[in-house]
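The structure appears below as structure tokens.
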Amino acid sequence: MLNEHSAEMFEPFVADEYIERLVWRTPGGGSRGGPEAFDPKRLLEEFVNHIQELQIMDERIQRKVEKLEQQCQKEAKEFAKKVQELQKSNQIKEAADIIQKLHLIAQELPFDRFSEVKSKIASKYHDLECQLIQEFTSAQRRGEISRMREVAAVLLHFKGYSHCVDVYIKQCQEGAYLRNDIFEDAAVLCQRVNKQVGDIFSNPETVLAKLIQNVFEIKLQSFVKEQLEECRKSDAEQYLKNLYDLYTRTSSLSSKLMEFNLGTDKQTFLSKLIKSIFISYLENYIEVETGYLKSRSAMILQRYYDSKNHQKRSIGTGGIQDLKERIRQRTNLPLGPSIDTHGETFLSQEVVVNLLQETKQAFERCHRLSDPSDLPRNAFRIFTILVEFLCIEHIDYALETGLAGIPSSDSRNANLYFLDVVQQANTIFHLFDKQFNDHLMPLISSSPKLSECLQKKKEIIEQMEMKLDTGIDRTLNCMIGQMKHILAAEQKKTDFKPEDENNVLIQYTNACVKVCAYVRKQVEKIKNSMDGKNVDTVLMELGVRFHRLIYEHLQQYSYSCMGGMLAICDVAEYRKCAKDFKIPMVLHLFDTLHALCNLLVVAPDNLKQVCSGEQLANLDKNILHSFVQLRADYRSARLARHFS
């Protein structure tokens, strides 16, 4: 019932009217006539219940009032505090302005008359400055950017403004280095500050530059020193790797920082910071690099020769050694005993790859760590080490050993391994040339060192080619010597002048079969050992010598008619063998020799006609005569008459 009339309770309250309305609405409570007579008990009960409900409502309303009063008091206190802070803030600005002006005026006052005043002003100036810095520090810790901006603006005219910046930089770095990557941490820190610093300071580029300087000169420099000092004297390889990695990552960080506004010449600013960290390590970098590269290269070579159980021979230079070399090159004579290399070339592609890999890494470090003015000179020093250990100590040594292992031309059953040396040397030359072009040339292309490097490379290659040519020439002589032995052992005089002319099987001789088999094997080996024009050049030389050998060999015999047919068959087989050379001139020589052999069997009456044929017409008459003289019937008057 109370809820039905609760709205009435909040209207202006008149007790008599309120009771009258309550009685009127209660059954049995009215005084007028009606179906229900006046019931005092029921009315009393209604009054008691209504009074209880009013008491409950009163308690509820009272609690709500108390809660609202507490909230109001709290908001009033907060408002008062905020007003107080704003007032205080304003008084700081006013006080700062006053003390700043007093400080400037005090500078002009004579010390002897106003020393006490000046001292008080200075003390107040210092105290206020400290308060401002403390306020800035607290605001930064609370993350109140607007308050930091206000205090920084006030401090801008104080001497302690730089200290305010120092505090900001110090606190920015608290908890900033949590990853394992200090360079990434530094980049994230600078990116975060770059977004914030413009909202706080009037000179954000100066503050950001000072933060970066602090990061480089303190944090990064300490980290770099820790990483390098422990291996600087004990492990050159690790030291160089660390130095290259740290310098590269520092430079990468610098590139990221170039995106920010750091003032007018940020490139120079960042370059100086990098230099300040690494200058003590870069001053003697190339000495460490070349020292390590020499020892590493020597170790790679020694490990290889040890694996072959080989003690390197001393290859002398100058004096008698040079004289022997000149004699050997001009006369092709083996000076000194031949060395049996047991088929070992003493060239290793694995060794070469390792040497080139070490040098490649040295070139990369040189490019990164050298001062631009020193780069060509440093790169040249690395190149000379590569030449020393790869070209001289490895390739040249293998060539000298290979030359010493070539047997004399009259040796029987000689194993010719020098072509294997040629094959591997050619492969190595290609790798050496590729590194020269890919990794050295970019470092020296615009400096005077370019011509010096090209000249040194040219000299090295010419020396190598000269030894290769000498070895190939002597190897070809050995091949011809082997053919001579085969012919001497297998060719019989009766092959070309059989005792029974009627019982001869017309085919090539056994000597021819063995010589051709040997030649084909050598041709294949030459093709596998060389490439390009070198193959044609060597095969041309071998083909010419092969032809001369067979030509002179045929001149040693006298030929019957059937023997001449056998000689023609042999030469035809030699001609097939010559086709494998794929050298037109060599094939032409054997075509001509084949035509000459026809003079051994042609009828006397047809000699002049054959000699004037296309293949023989341009030959010297003495050559033609020499072949005709080989005929067994040459001394007959009839043959001599027809040929004269």
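Only heavy atoms go into these numbers, but all of them, side chains included; no hydrogens, no water, no symmetry mates. Just so it is clear, the structure is predicted and the values come from calculations on it, not from any experiment.
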Begin with the C-alpha distance, continue with both residues' side-chain angles, and end with the deciding distance and a verdict on side-chain contact (heavy atoms from CB on, under 4.5 Å) for His394 and Val351.
CA-CA 9 Å; His394 192 54; Val351 166; 4.1 Å; yes
Steps toward side-chain contact (heavy atoms from CB on, under 4.5 Å) verdict (Asp570, Phe496)
CA-CA 11 Å; Asp570 276 4; Phe496 303 119; 3.8 Å; yes
Apply salt bridge (charged side-chain N to carboxylate O under 4.0 Å, His left out) to the pair Glu452 and Lys449, showing each step before the final yes or no.
CA-CA 5 Å; Glu452 194 173 347; Lys449 284 294 179 183; 3.1 Å; yes
Taking it one step at a time, do Ile385 and Thr290 satisfy side-chain contact (heavy atoms from CB on, under 4.5 Å)?
CA-CA 8 Å; Ile385 295 173; Thr290 52; 3.6 Å; yes
Go through the steps for Tyr244 and Tyr285 under the test ring pair (Phe, Tyr, Trp, His ring centres under 6.0 Å), then give the verdict.
CA-CA 10 Å; Tyr244 176 77; Tyr285 150 71; 9.5 Å; no
For salt bridge (charged side-chain N to carboxylate O under 4.0 Å, His left out), just list the numbers for Lys521 and Glu524, CA-CA rounded to whole Å, side-chain angles, deciding distance to a tenth of an Å, and then say yes or no.
CA-CA 5 Å; Lys521 183 179 179 182; Glu524 188 65 26; over 6 Å; no
Go through it in stages, so that I can follow the logic: the residues are Thr537 and Met530, the test is side-chain contact (heavy atoms from CB on, under 4.5 Å), and I'd like the CA-CA distance, side-chain angles, deciding distance and then a yes or no.
CA-CA 10 Å; Thr537 301; Met530 302 175 197; over 6 Å; no
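In this structure, the separation between CG on Leu375 and SG on Cys366 is 5.0 Å, given to the nearest 0.5 Å. Rounding to the nearest 0.5 Å places CD of Gln522 at 11.0 Å from CG of Leu539. Note: Asn622 CG to Gln629 CD = 9.0 Å, rounded to the nearest 0.5 Å. Taking CG of Asn598 as the start and CD1 of Ile568 as the end, the distance is 4.5 Å to the nearest 0.5 Å.
Of all heavy-atom pairs between Glu289 and Ala362, the closest is OE2-CB, 3.6 Å. Of all heavy-atom pairs spanning Val421 and Leu347, the tightest one is O-CD1, 3.7 Å. Here the shortest heavy-atom pairing between Ile406 and Cys478 reads CG2-SG, 3.8 Å. When all heavy atoms are compared, the tightest approach of Phe418 to Lys467 is CZ-O, 3.9 Å. Counting all heavy atoms, side chain and backbone alike, Lys497 lies closest to Ser558 at CB-O, 3.8 Å. Taking each heavy atom of Cys597 and Val571 in turn, the nearest pair found is SG-CG2, 3.4 Å.
Heavy atoms from other residues, nucleotides or ligands lying under 6.0 Å from NE2 of His367 number 12 at most. Counting heavy atoms of neighbouring residues, nucleotides and ligands inside a 6.0 Å radius, atom CD of Glu350 does not exceed 12 of them. Crowding of Asn618 atom CG: a count of heavy atoms from other residues, nucleotides or ligands under 6.0 Å not exceeding 12. Applying the 6.0 Å contact sphere to CD of Gln349 captures no more than 12 heavy atoms from other residues, nucleotides or ligands. Within 6.0 Å of the NZ atom in Lys484, the count of heavy atoms belonging to other residues, nucleotides or ligands does not exceed 12.
When side chains are defined from C-beta on, Arg548 counts as touching Val544, because their heavy atoms get closer than 4.5 Å. When side chains are defined from C-beta on, Leu619 counts as touching Leu596, because their heavy atoms get closer than 4.5 Å. For the pair Tyr281 and Arg232, the minimum side-chain heavy-atom distance is below 4.5 Å. Side-chain atoms of Thr470 and Leu399, non-hydrogen and from C-beta on, never get closer than 4.5 Å to each other. In this structure, Tyr247 and Val224 have side chains that are not in contact, with every pair of non-hydrogen atoms separated by 4.5 Å or more. Annotation: side chain of Phe278 is in contact with side chain of Leu243 (closest heavy-atom distance under 4.5 Å). At least one side-chain heavy atom of Leu450 sits less than 4.5 Å from a side-chain heavy atom of Met441. Inter-residue side-chain proximity for His485 and Tyr518 is flagged as unmet; no heavy-atom pair is nearer than 4.5 Å.
Judged by distance alone, with hydrogens and angles left aside, the side-chain atoms of Asp536 form no donor-acceptor pair with the main-chain N or O of Ile583 at under 3.5 Å. Side chain of Arg631 to backbone of Leu599: a donor-acceptor contact under 3.5 angstrom is found. The backbone N or O of Ser297 sits nowhere less than 3.5 Å from a side-chain atom of Glu358 that would complete a donor-acceptor pair. Between the side chain of Gln435 and the main chain of Leu356, a donor-acceptor pair closer than 3.5 Å is present. Counting only distance, with no hydrogens or angles, the side chain of Ser626 and the backbone of Ile623 share a donor-acceptor pair below 3.5 Å. Distance alone, capped at 3.5 Å, is enough to place a donor-acceptor pair between the Ser307 side chain and the Tyr304 backbone. Here the side chain of Thr359 pairs no donor or acceptor atom with the backbone of Leu386 at under 3.5 angstrom. Between the Thr250 side chain and the Leu246 main chain, a donor and an acceptor come within less than 3.5 Å of each other. Listed for the Ser612 side chain is a donor-acceptor partner under 3.5 Å among the backbone atoms of Gln609.
Using a 4.0 Å cut-off between a side-chain N of Lys or Arg and a carboxylate O of Asp or Glu, Asp374 and Arg377 qualify as a salt bridge. Residues Arg520 and Glu573 are paired through a salt bridge, judged by an N-O separation under 4.0 Å between the basic side chain and the carboxylate. Taking 4.0 Å as the cut-off between side-chain N and carboxylate O, Arg296 and Glu237 do not count as a salt-bridged pair. Using a 4.0 Å cut-off between charged side-chain N and carboxylate O, Arg381 and Glu287 make a salt bridge. The pair Asp433-Lys457 counts as a salt bridge, with a side-chain nitrogen and a carboxylate oxygen less than 4.0 angstrom apart.
Side chain to side chain, Thr345 and Asp420 fail the donor-acceptor criterion of an N or O pair below 3.5 Å. Checked by atom type, the side-chain pair Arg545/Asn477 shows a donor-acceptor distance below 3.5 Å. No hydrogens or angles considered: a donor-acceptor pair under 3.5 Å links the side chains of Glu459 and Gln455. Between the side chains of Asp495 and Thr509, not a single donor N or O lies within less than 3.5 Å of an accepting N or O. Using modelled atom types and a 3.5 Å distance limit, the side chains of Ser252 and Ser255 yield no donor-acceptor pair.
For Lys533, the salt bridge (Lys or Arg N to Asp or Glu O under 4.0 Å) test picks out no residue, with sequence neighbours left out.
With Tyr397 as the aromatic partner, Lys312 meets the cation-pi criteria of under 6.0 angstrom to the ring centre and within 45 degrees of the ring axis.
You'll find the ring centres of Tyr551 and Phe627 inside the 6.0 Å limit. In this structure, the ring of Phe383 has its center no less than 6.0 angstrom from the ring center of Phe363.
Sorted by first and then second residue, the ring pair (Phe, Tyr, Trp, His ring centres under 6.0 Å) pairs involving residues 560-614 (not counting sequence neighbours) are Phe546-Tyr574, Phe546-Phe590, His547-Phe590.
Under the side chain to side chain contact (heavy atoms under 4.5 Å, CB included) rule, Cys577 has a single partner from Val586, Val515, Ile550, Val519, which is Val519.
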